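Position 1 is the first residue of the sequence; numbering continues from there. Everything numeric here is computed off the predicted structure, so don't read it as measured data.
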Amino acid sequence: MSETSPKLRAVLEGIPTYKPGKPAAVGGPVTYKLSSNENPYPPLPGVMETAIAAAGSFNRYPDMACTALMNELADRFGVPLSHLSTGTGSVGVAQQLVQATSGPGDEVIYAWRSFEAYPIITQISGARSVQVPLTEGDVHDLDAMADAVTDRTRLIFVCNPNNPTGTVVRRAELERFLDRVPSDVLVVLDEAYREFIRDPEVPDGVEIYRRRPNVCVLRTFSKAYGLAGLRVGFAIAHEPVAAALRKTAVPFGVSQIAQEAAVASLRAEDELLGRVGSLVCERNRVVEALRDQGWTVPETQANFVWLRLGDRTTDFAAFCEKSGVVVRPFPGEGMRVTIGEAEANDIFIKAAETFRKEL
């Protein structure tokens, strides 16, 4: 009897593998991890205690409806409960959005380069990716994205600030873009780094969603709130989009520990804003130092910086690791560096200065 492998969907062939940020070295000299856009601070006050208390009942299933967290989010953002859905990080919710809107023959539009998961979750659904190149300034080309819309377009991702470039789309250009998008095409404003924005011209996606039924907003507790390891994100959207998200959610996907830690984090907002402010100050310091060294650094409104290095990307990443910081290279394109502890940022700034002198 001949052996054959189980039949799998052909669409899975060639799916790119998500590449997480490289971890810091274990053993030897201290190495700082600046490769995953994590918050370098420990959990906010009271969050660890809440999580530990919740862990005492992890022999039980979590609240599948995320009741306490949903109520907290509804109050925090002033939206109906029926307009909310939670998931395993914003990337988990993004995958649910693709599943709910797009299948074989459909198209999903997004800028490129942008969030690395977009092509993966699009291809898994069987839909076709339409990747629209960023402008020379590494910003979303919204006019070109609007031009790319066809009768097969079902979903458009706008990552704002954009990962990995940190660049933003401002209010006037976003509104003009949304005016051009057909009302039956869902536009997802992926705002994973919203808390780090200081440009007053960058709109809050929640305010736009209120006026536009085809706009959905993604947020996460992984970045500013420092809960990356607990995997909890959420979407704000009109019905029936929010209802579709709840239908496509993995049952019991968000653990009780994550739910309760997220609620505690929302209630520690004063401390959160202080930490985010410190990271923004460090971001400004790093950008200024790099520009003083002669680097071209796009304006960033996230907790990371982007250097377009082309074929020198992997060389610089290796040099940084030898210097004591692990960064995130995109070979042949550029390098993303998270804003971390002041000590880590100092090491990176020094490495950048030394490397540039050798160019």
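Taking both residues in full, the closest heavy atoms of Leu97 and Leu218 are given as CD1-CD2, 4.0 Å, listed atom of the first, atom of the second, then distance. Between Arg212 and Asp179, the shortest heavy-atom distance links the atoms NH2-OD1, 2.7 Å. The two residues Val254 and Thr88 make their nearest non-hydrogen contact at CG2-N, 4.3 Å. Across Val305 and Ile339, no two heavy atoms sit closer than the pair CG1-CD1, 4.2 Å. Closest approach of Phe316 and Ala351 over heavy atoms only: CE1-O, 4.0 Å. Counting all heavy atoms, side chain and backbone alike, Ile349 lies closest to Arg285 at CD1-NH1, 3.8 Å.
The existence of a salt bridge linking Glu195 and Arg275 is excluded, since no basic side-chain nitrogen approaches an acidic carboxylate oxygen closer than 4.0 Å. Looking at Asp199 and Arg171, no side-chain N of the basic residue comes within less than 4.0 Å of a carboxylate O on the acidic one, giving no salt bridge. Here Arg180 pairs with Asp147 in a salt bridge; the nearest charged N to carboxylate O distance falls below 4.0 Å. Look at Glu288 and Arg291 and you find no salt bridge, because none of the NZ, NE, NH1 or NH2 atoms lies under 4.0 Å from a carboxylate O. Note on Arg312 versus Glu358: no salt bridge recorded, every NZ/NE/NH1/NH2 to OD/OE distance being 4.0 Å or above. The pair Glu299-Arg198 fails the salt-bridge criterion, with no side-chain N (NZ, NE, NH1 or NH2) lying under 4.0 Å from an Asp/Glu carboxylate O.
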Given the rule in the side chain to side chain donor-acceptor pair (under 3.5 Å) test, do Ser57 and Gln256 qualify, once you have shown the distances and angles that lead to the verdict?
-> CA-CA 9 Å; Ser57 61; Gln256 198 65 39; over 6 Å; no
Verdict with supporting geometry, Ser114 and Asn162, side chain to side chain donor-acceptor pair (under 3.5 Å) = CA-CA 6 Å; Ser114 191; Asn162 186 48; 2.6 Å; yes
Would Glu282 and Asn345 satisfy side chain to side chain donor-acceptor pair (under 3.5 Å), going step by step from the backbone distance to the final call?
-> CA-CA 8 Å; Glu282 277 294 288; Asn345 301 332; 2.6 Å; yes
Yes or no on side-chain contact (heavy atoms from CB on, under 4.5 Å) for Trp112 and Ser129, after CA distance, side-chain angles and deciding distance?
-> CA-CA 10 Å; Trp112 198 251; Ser129 286; over 6 Å; no
Steps toward ring pair (Phe, Tyr, Trp, His ring centres under 6.0 Å) verdict (Phe304, Tyr193) | CA-CA 10 Å; Phe304 52 84; Tyr193 302 93; 5.1 Å; yes
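Note that CZ of Arg219 is 6.0 Å distant from CD1 of Ile236, once rounded to the nearest 0.5 Å. Between the CG atom of Leu279 and the CD atom of Glu341 there is a distance of 9.5 Å, given to the nearest 0.5 Å. For the atom pair Ile109 CD1 and Arg128 CZ, the distance stands at 9.0 Å (nearest 0.5 Å). Summarising the geometry, atom NE2 belonging to His83 is positioned 11.0 Å from atom CE belonging to Met70; distances are rounded to the nearest 0.5 Å.
Residues Asn163 and Arg336 have side chains that bring a donor and an acceptor to within less than 3.5 angstrom of each other. Side chains of Ser222 and Arg231: a donor-acceptor N/O pair is present below 3.5 angstrom, by distance only.
Atom CZ of Arg211 is surrounded by more than 12 heavy atoms from other residues, nucleotides or ligands within 6.0 Å. Heavy-atom neighbours of Glu136 CD from other residues, nucleotides or ligands within 6.0 Å: at or below the threshold of 12. No more than 12 heavy atoms of other residues, nucleotides or ligands sit less than 6.0 Å from atom CZ of Phe58.
In this pair, Trp295 and Phe355 present their aromatic rings parallel. The plane angle is below 30°, not in the 30 to 60° band. Relative orientation of the Phe234 and Phe77 rings is tilted, given thresholds of 30° and 60° on the angle between their planes.
His140 has its side chain out of reach of Glu173: every pair of non-hydrogen atoms, C-beta onward, lies at least 4.5 Å apart. With a 4.5 Å cut-off on side-chain heavy atoms, Phe115 and Val91 count as touching. By the 4.5 Å heavy-atom criterion applied to side chains, Val108 and Thr101 are not counted as neighbours. The side-chain heavy atoms of Leu266 and Phe221, taken from C-beta on, include a pair separated by under 4.5 Å. Within the 4.5 Å cutoff, the side chain of Tyr32 has no heavy atoms near those of the Thr338 side chain. Thr167 is not listed as a side-chain neighbour of Leu134, based on a closest heavy-atom distance of 4.5 Å or more. Between Gln259 and Pro62, some side-chain heavy-atom pair lies under the 4.5 Å cut-off. Side-chain contact check for Ile197 versus Pro161: some heavy-atom pair is nearer than 4.5 Å.
When atom types are taken as modelled, the side chain of Arg152 and the backbone of Val149 share no donor-acceptor pair closer than 3.5 angstrom. Thr165 places a side-chain N or O within donor-acceptor distance of the main-chain N or O of Asp138, the cut-off being under 3.5 Å. Remark: side-chain polar atoms of Asp106 are paired, donor with acceptor, to backbone N or O of Gly103 under 3.5 angstrom.
Residues passing the side chain to side chain donor-acceptor pair (under 3.5 Å) test with Gln131, sequence neighbours excluded: Tyr110.
For residues 152-190, the pairs satisfying ring pair (Phe, Tyr, Trp, His ring centres under 6.0 Å) are Tyr118-Phe157, with sequence neighbours left out.
Clustering ILVMFWY residues whenever any of their side-chain heavy atoms sit less than 4.5 angstrom apart, transitively, puts Val287 in a cluster other than the one holding Val202.
Checking Lys33, Arg328, Lys223 one by one against Glu38, the salt bridge (Lys or Arg N to Asp or Glu O under 4.0 Å) holds for a single residue, Lys33. Of the options Asp184, Val181, Val241, Val188, a side-chain contact (heavy atoms from CB on, under 4.5 Å) to Asn214 is made by Val181 and by none of the others.
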